[in-house]
Amino acid sequence: MEKQPKPQLLLSSQLSLLNRVYEVTLNGVFLSWKEVETRQKRAVGNIYGPLKAAGSHYVPVCEIISVQETEEECPSTDLGKWQKVPQSPVESNQHAFTVSYVERIQKHRWRCSEVTLHCTDRTLCLQWVQAIREQLSLLTIRPKRLLVYINPYGGKHRGKRIYEQKVAPIFSRACISTDVIVTERANHARDHLKTEAELKKYDGVVCVGGDGMFSEIIHGLISRTQCDSGVDQNRSDETLIPCSLRIGIIPAGSTDCICYATVGSNDPVTSALHIVVGDSQPMDVCSIHHNNTFLRYSVSLLGYGFYGDVLTDSERKRWMGPARYDISGVKTFLSHRYYEGTISFLPADENVGTPRDKLQCRSGCNICRLPSLDKQVSKDEESISDTDTKGVWQVIRGKFLAINAACMSCACPRSPKGLSPSAHLADGTADLILVRKCSRFDFLRHLLRHTNKDDQFDHPFVEVYRVHQFRFTPRYEETDSELELREAEGSGRKRFFSQICREHPACNCSLVHSSWNCDGEILPHAAIQVRVHCQLIKLFARGIEEQSVFEEPYALNAI
Ligand SMILES: CCCCCCCCCCCCC/C=C/[C@@H](O)[C@H](COP(=O)(O)O)NC(C)=O
Ligand SMILES: Nc1ncnc2c1ncn2[C@@H]1O[C@H](COP(=O)(O)OP(=O)(O)O)[C@@H](O)[C@H]1O
Ligand SMILES: [Ca+2]
């Protein structure tokens with residue numbers, strides 16, 4: 001392996017911290033402070049092992065939040081402290097600066113930590129502050145100005161408080177200026193972004209709320225971007241223009257799966273810190289059309305049958321807060337409804353992996369770095385029968401308890417590995433999961449596997465495909481010729497029965513329709529066409545970090 005050149009040393013001094021002397025060093029990559037060993041301590045070190053690792057701290061410059069000159073503590077209270085070790089020249093000083101930086105704690109959460117270093121004189125102190133600030137100013141990926149939307153009614157109605165108490169102080173410490181809009185109605189944020197917001201003024205948009213609120217933000221931003229570039233969203237074959245502004249999610253909703261699946265936790269402070277350091281995570285977006293009319297975009301779950309019915313029922317119980325999903329989940333499970341229809345899909349190349357390969361998408365994911373692009377764009381219905389070897393549409397008919405498409409894992413606290421644990425955030429594909437009609441007991445086993453380590457796809461009634469595009473037509477909307485073709489395969493009695501049902505859609509037979517749950521919103525149509533747009537948006541996130549990143553902070557040989 002090629003040896004990395006050592007970064008240039010910028011500043012190095014002996015400064016004091018909690019009555020001890022440290023060698024403090026700044027280079028273009030790290031700020032480090034290492035305790036200076038006294039003879040007495042070295043002797044202890046010989047007994048218990050080297051002191052170096054224990055007394056050394058390394059903070060990557062890109063994880064420093066801010067630096068400021070520290071207001072002096074009252075000298076009289078400090079005096080005793082300083083007098084304890086009077087020999088050292090650094091300890092008689094009163095000048096100090098404080099560096100705030102990212103610290104990793106358990107479960108992928110980040111915290112803002114601080115170190116205050118004391119200097120012999122003010123000149124040295126200012127020199128340090130200036131040197132660190134200069135390094136921070138080179139980090140041009142960091143946002144300086146943000147547009148914040150808060151949904152005050154998301155989740156447990158704590159959005160405003162979460163922002164004011166946990167997020168705003170971090171932004172102000174990082175010298176980020178903000179314009180804050182507390183929404184007054186549903187779609188306020190979407191409409192404001194679409195038509196009014198002066199987007200040029202900002203380096204990013206922050207969404208304080210749940211998946212539904214995030215959905216509003218991306219609808220506003222994507223529509224605005226297409227509109228500004230003259231792209232017609234109603235055409236399902238259009239190549240959409242990626243949005244340039246990044247979006248930060250401060251979780252304050254009910255499921256918050258987009259935050260959880262891109263950061264690894266639902267923690268407002270962690271999200272705020274990912275925004276401050278200027279992380280960037282590209283993300284796929286599905287466009288959903290009904291004939292040639294644009295309906296919606298989706299980034300997480302698109303679910304017909306079970307998840308559609310859970311959402312429809314839970315909307316009536318919004319007053320319950322996040323618990324509504326549990327109550328509606330049990331109710332929907334007990335109703336055990338199945339739906340008949342046809343799904344056709346354009347499978348992805350196998351070199352992007354498969355939904356069952358157990359290769360999870362993590363920070364710096366290789367599959368997302370070289371995404372598989374949907375080269376064959378379907379122009380119309382004809383391509384369903386396209387026999388081109390590059391991408392052949394496949395057709396599946398049947399009775400389904402659930403049809404789910406996951407553009408990413410959809411991991412959330414309810415299901416830590418998610419609906420499709422190996423789905424990728426930015427590979428240009430979605431995982432299409434078909435759960436065929438089965439017994440209640442089997443369906444329960446499948447559902448419960450979302451909550452433990454067992455493979456939820458390892459059932460004979462579950463199929464999963466990695467796709468670029470798919471379509472769904474519920475049986476009651478199939479054209480007469482399609483139905484006749486299918487019914488010719490069945491018995492005359494079945495044909496008579498289904499005809500009756502088409503005339504009585506309210507009866508409890510297999511022709512009753514469900515709705516699509518699209519990132520927590522109900523879609524008005526059951527027959528839809530879906531296409532994945534690779535990396536259409538970017539978040540202030542970096543994907544879920546491997547655990548070892550915080551267990552062994554950084555490769556020390558890079559220093
Ligand atoms: C009987 C035991 C059942 C356990 C099943 C656990 C499966 C959990 C899989 C959850 C997948 C969630 C995908 C996220 C969807 C969100 O977009 C949506 C809206 O979230 P929001 O309310 O806006 O935060 N939430 C739901 C529950 O539909
Ligand atoms: N001020 C508001 N009043 C009512 N509804 C709003 C407001 N702002 C946003 N919404 C809507 O609230 C819905 C739920 O928001 P979300 O933040 O996702 O919370 P939850 O996760 O609890 O569903 C979204 O569909 C969003 O459009
Ligand atoms: Ca994807």
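We count ligands from 1, going down the list as the structure has it; atoms in each ligand are counted the same way.
- Annotation: Y297 is in aromatic contact with H219 [ring centroid separation under 6.0 Å].
- Of the candidates D431, L419, L425, L425 is the only one forming a side-chain contact (heavy atoms from CB on, under 4.5 Å) with M408.
- Counting only protein atoms, the N, O or S atoms lying less than 3.0 Å from the Ca ion (ligand 3) are D284 OD2, C407 O, H424 O, D427 OD1, T429 O, ordered by chain and residue number.
- Shown here is F457, whose CZ atom has more than 12 heavy atoms of other residues, nucleotides or ligands within 6.0 Å.
- The shortest N/O to N/O separation between G212 and ligand 1 falls below 3.5 Å.
- Contacts with ligand 1 closer than 4.0 Å are made by side-chain heavy atoms of S300 only, the backbone lying farther away.
- When only interatomic distances are considered, the shortest N/O to N/O separation between H450 and ligand 1 does not fall below 3.5 Å.
- At the shortest separation from atom 10 (C) of ligand 1 among protein heavy atoms lies C412 SG, 4.0 Å.
- Between R397 and E340, no side-chain nitrogen of the basic residue sits less than 4.0 Å from a carboxylate oxygen of the acidic one, so the salt-bridge criterion is not met.
- Ring planes of W516 and Y304: tilted class, angle from 30 to 60°.
- Only the side chain of R324 comes within 4.0 Å of ligand 1, counting heavy atoms alone; its backbone N, CA, C and O stay farther away.
- Of the protein's heavy atoms, C257 SG, 3.6 Å lies nearest to atom 14 (C) of ligand 1.
- Here the heavy atom of the protein found nearest to atom 1 (C) of ligand 1 is L444 CD1, 4.0 Å.
- The side chain to side chain donor-acceptor pair (under 3.5 Å) test applied to S223 returns Q233, not counting sequence neighbours.
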Side-chain donor-acceptor pairs of residues 248-264 under 3.5 Å, sequence neighbours excluded:
residue, atom, partner, partner atom, Å
S254, OG, R324, NH1, 3.1
D256, OD1, G253, N, 3.1
D256, OD2, G253, N, 3.2
T262, OG1, I258, O, 2.7
T262, OG1, C259, O, 3.2

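- Atom CD of E198 sits in a sparse spot, with 12 or fewer heavy atoms from other residues, nucleotides or ligands closer than 6.0 Å.
- Proximity of G329 to ligand 1 is not established, as no heavy-atom distance is less than 4.0 Å.
- Close N/O approach between N517 and ligand 1 is found [any backbone or side-chain N/O within under 3.5 Å].
- Ranking protein heavy atoms by distance to atom 16 (C) of ligand 1, first place goes to D211 OD2, 3.2 Å.
- The protein heavy-atom contact nearest to atom 5 (C) of ligand 1 is L447 O, 4.0 Å.
- By the 4.0 Å N-to-carboxylate-O rule, R531 lies too far from D237 to be salt-bridged with it.
- Atom NZ of K156 has 12 or fewer neighbouring heavy atoms from other residues, nucleotides or ligands inside a 6.0 Å radius.
- The immediate protein surroundings of ligand 2, defined as residues with any heavy atom under 4.0 Å of it, consist of N151, P152, Y153, G154, G155, T183, E184, R185, A186, G209, G210, D211, G212, M213, E216, G253, S254, R318, R324, E521.
- Using a cut-off of 4.0 Å between Lys/Arg side-chain N and Asp/Glu carboxylate O, R104 and E63 are scored as salt-bridged.
- Between H274 and F540, the gap from one ring centroid to the other reaches at least 6.0 Å.
- Using modelled atom types and a 3.5 Å distance limit, the side chains of D267 and S265 yield no donor-acceptor pair.
- Comment: R185 engages D191 in a salt bridge, judged by a side-chain N to carboxylate O separation of less than 4.0 angstrom.
- Ion pair D455/R449 not flagged as a salt bridge, since none of the NZ, NE, NH1 or NH2 atoms sits closer than 4.0 Å to an Asp/Glu carboxylate oxygen.
- Ligand-side atoms of ligand 1 in range of D256: 24 (O), range being under 4.0 angstrom from any heavy atom.
- When each atom of ligand 1 is checked for a heavy atom of D519 under 4.0 Å away, the hits are 17 (O).
- Atom 2 (C) of ligand 1 has its closest protein heavy atom at L448 CD2, 4.0 Å.
- In summary, the atoms of ligand 1 found under 4.0 Å from a heavy atom of G520, numbered by their order in the structure, are 17 (O), 18 (C), 19 (C).
- Under the 30°/60° scheme for interplanar angles, the aromatic rings of F461 and H459 are found to lie parallel.
- Between Y307 and ligand 1, not a single N/O pair is under 3.5 Å apart.
- In terms of protein heavy-atom proximity, atom 22 (O) of ligand 1 is nearest to Y325 OH, 2.5 Å.
- With no hydrogens or angles considered, no side-chain donor-acceptor pair links T270 and H108 at under 3.5 Å.
- At the shortest separation from atom 25 (N) of ligand 1 among protein heavy atoms lies T255 OG1, 3.1 Å.
- Taking the centre of each ring, H192 and Y149 come in below the 6.0 Å mark.
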